[in-house]
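Notes follow the structure.
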Amino acid sequence: MYADGAPAADAPGEGSGHRRGGPRKRAKRGRRRVLKWVAAVVSLLIIGTAGAGYAYYRHLNANIKKDALNLGESAAPKPKANAAGQTPMNILLIGSDGRDTKENQKLGGAKSTFGGVPLADVQMLLHVSADRSNMSVVSMPRDTLVKIPKCTDKKGKVYAASTGVHLTNESLGRGGPGCTVATWESVTNIHIDHFMMIDFAGVVSMADAIGGVPVCVDANVHSRDRNGHGSGLKLTKGNHNIKGVQALQWLRTRYGFEDGTDLGRAEAQHQYMSSMVRQLRKGTKLSNPGQLMDLAEAATNALTVDDGPDGIGSVKKLYDLAEDLKKVPTKRITMTTMPNVYSQLQGFQGKVEPKPVDAEKLWSMVRDDIPLDGKPAQNKSVQKVSEDPAAAPGDTGVLVHNGTGTDGQLAAKGRATAVASALNAAGYTKAKSDKTLDPRDKTVITFPSAELEGDAQALAKSLGIPLSSVKKSTDVSGVTLTVGADWRTGSTYPKTAQDDKTPDSARALNGDEVKCMKIQPGYSF
């Protein structure tokens, strides 16, 4: 793993021979370029911030707070590498509403909550594709009803698994961010590699360091009602550059945006993040080295990340992460919200639950590393029909595996045998099954070499399986059909499993899209 910090020669007082203002011009340019990229890319990782910038000063490492990655008893399975040996990465972004410091108490208000258990009021999953060509962000509303798994904090205190449903934001108070990670993995079956958490004060300090973020409202808005509810945000119709406390108000506004629920708040957060990344990548706000250093200082002070040998608890590791993420252009960044419906459970009316079918489809797309913008992972990777002619069905050997045992379900008994029999009846007389259990969310056809690609694609066509599910793999010795969890019954591949389109209910927003927030009636002036 990477060592913490930068080489000693780059740190003041560590034998570099340079005063703080005296490095060579080339070094200045290189440092400025590094900081600008980190600010632009890692900014996406923290709601309302510009990210944990990389500077060559060791004291920044001490600024970063760390905590355990997963406090649950089990973890979702890690994704398998693609043909090029690349794996996707998932980072959970958490915004804490903790009133644990004087600054947070001043910014957060609500004196009755001072010193209380913090809530994870912002939760976003950042998924970076295996080939680093695209990025997806999925928000889960803070009032989503979930079952929180058993969590054990670093001191050994045990928080029993919930017997009923709880709001997902309560997970943070059960030992820390590692319980929020465990809850996400339990709900989505998506493996989470890292987390990043920030509080009120962090949002304000980062927004100030950035120099402001452009936002837009389609009417005058004042987020305050006669009972004192609201963030206090007050803007006139049109475009504004917000920073500091006003940025925090924007990100916290519920009363006044759209329908006055967390769904509108999530949309406002997505617009803020998209705008912030565009602004930072232009570089117009951070051309001054002093501003960049202020940004790095503010970010590392604001940040809590996962610890351990595989964690990202140093500026060097954050820098390497940013170098990886900066490969994704803003036009390939897609922001979404978990498809949801209002709950009908007694006592929880007005809260939300994952929308049946749509929510699981979105989680499945993330697990399968399918871009949420509807474009192929790489411009050159569009699946083409093989030029190699396919053998006749009766001459094509097919091995069938049972991969239906995913998402907490046992494998459907006899699936490989049943599908192999259906293939025999369809003319694939050499198709046979074995007892291999290979859990997959989606059905996939794999082949080991180019001369079998035509055979694999012909099999997919005969079954109605999309060519995007036909993949080359060195793990198989012949054409192999792995029946996934999307095909647990029947002899015909279900049509609902063939669509890789992001559900409309996820409200996808492209990273290059500029929008104005819709204002809720009654909150205009």
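Throughout, numbering of the chain's residues begins at 1 and tracks the sequence.
The environment of Lys157 atom NZ is sparse: at most 12 non-hydrogen atoms of other residues, nucleotides or ligands sit within 6.0 angstrom. In this structure, Lys150 places its NZ atom where only 12 or fewer heavy-atom neighbours from other residues, nucleotides or ligands lie under 6.0 Å away.
For the pair Arg332 (side chain) and Pro371 (backbone), a donor-acceptor distance under 3.5 Å is absent. Formation of a donor-acceptor pair under 3.5 Å by the Thr502 side chain with backbone atoms of Leu372 is found in this model. Arg224 contributes a side-chain N or O that, together with a main-chain N or O of Gly230, makes up a donor-acceptor pair within less than 3.5 Å. For the pair Ser314 (side chain) and Lys317 (backbone), a donor-acceptor distance under 3.5 Å is present. Arg132 places no side-chain N or O within donor-acceptor distance of the main-chain N or O of Lys327, the cut-off being under 3.5 Å. For Thr336 (side chain) and Val137 (main-chain N/O), a donor-acceptor pair under 3.5 Å exists by modelled atom type. Between the side chain of Arg367 and the main chain of Leu362, no donor-acceptor pair closer than 3.5 Å is present.
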CA sep, side-chain torsions, deciding dist, call: Gln520, Asp259, side chain to side chain contact (heavy atoms under 4.5 Å, CB included): CA-CA 6 Å; Gln520 182 183 11; Asp259 61 354; 5.7 Å; no
Evaluation steps, side chain to side chain contact (heavy atoms under 4.5 Å, CB included), between Asp307 and Leu69: CA-CA 7 Å; Asp307 61 9; Leu69 174 61; 5.8 Å; no
Test log, rule side chain to side chain contact (heavy atoms under 4.5 Å, CB included), inputs Gln271 and Leu509: CA-CA 8 Å; Gln271 291 187 21; Leu509 175 71; 4.1 Å; yes
Intermediate values then yes/no, side chain to side chain donor-acceptor pair (under 3.5 Å), Thr443 and Asp486: CA-CA 7 Å; Thr443 298; Asp486 58 346; 2.9 Å; yes
Verdict with supporting geometry, Cys179 and Ile148, side chain to side chain contact (heavy atoms under 4.5 Å, CB included): CA-CA 8 Å; Cys179 194; Ile148 301 176; 3.9 Å; yes
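With respect to Lys361 and Asp358, no salt bridge is recorded, no charged nitrogen being found less than 4.0 Å from a carboxylate O. A salt bridge is absent between Arg507 and Asp504; no separation between the charged side-chain nitrogens and carboxylate oxygens falls under 4.0 Å. A salt bridge is defined here as a Lys NZ or Arg NE, NH1 or NH2 lying under 4.0 Å from an Asp or Glu carboxylate O, and Glu170 with Arg142 fails to meet this definition.
Between Ala416 and Asp434 the shortest heavy-atom distance is CB-O, 4.1 Å. Thr253 approaches Arg265 most closely through the heavy-atom pair O-CB, 3.3 Å. When all heavy atoms of Ala75 and Glu185 are compared, the pair lying nearest together is CA-OE1, 3.1 Å.
Judged as a side-chain hydrogen bond (donor to acceptor under 3.5 Å, both in side chains), and not counting sequence neighbours, the contacts of Arg440 are Asp438. In this structure, the side-chain hydrogen bond (donor to acceptor under 3.5 Å, both in side chains) partners of Thr168, at least two apart in sequence or on a different chain, are Gln123. Residues satisfying the salt bridge (charged side-chain N to carboxylate O under 4.0 Å, His left out) test with Asp475, not counting sequence neighbours, are none.
Between Thr480 and His401, the side chains place no donor N or O within less than 3.5 Å of an acceptor N or O (distance only, hydrogens not considered). In this model, no donor atom of one side chain and acceptor atom of the other lie less than 3.5 Å apart for Ser473 and Thr446.
Across Asn134, Asn90, Thr334, a single residue satisfies side-chain hydrogen bond (donor to acceptor under 3.5 Å, both in side chains) together with His127, and that is Asn90. Screening Leu318, Asp306, Leu92, Val181 against His194 for a side chain to side chain contact (heavy atoms under 4.5 Å, CB included) leaves a single residue, Asp306.
Relative ring orientation between Trp184 and Trp363 is described as perpendicular, the plane-to-plane angle rising above 60° on a 0-90° scale split at 30° and 60°.
Residues Val315 and Ile64 meet the side-chain proximity criterion, which asks for heavy atoms closer than 4.5 Å.
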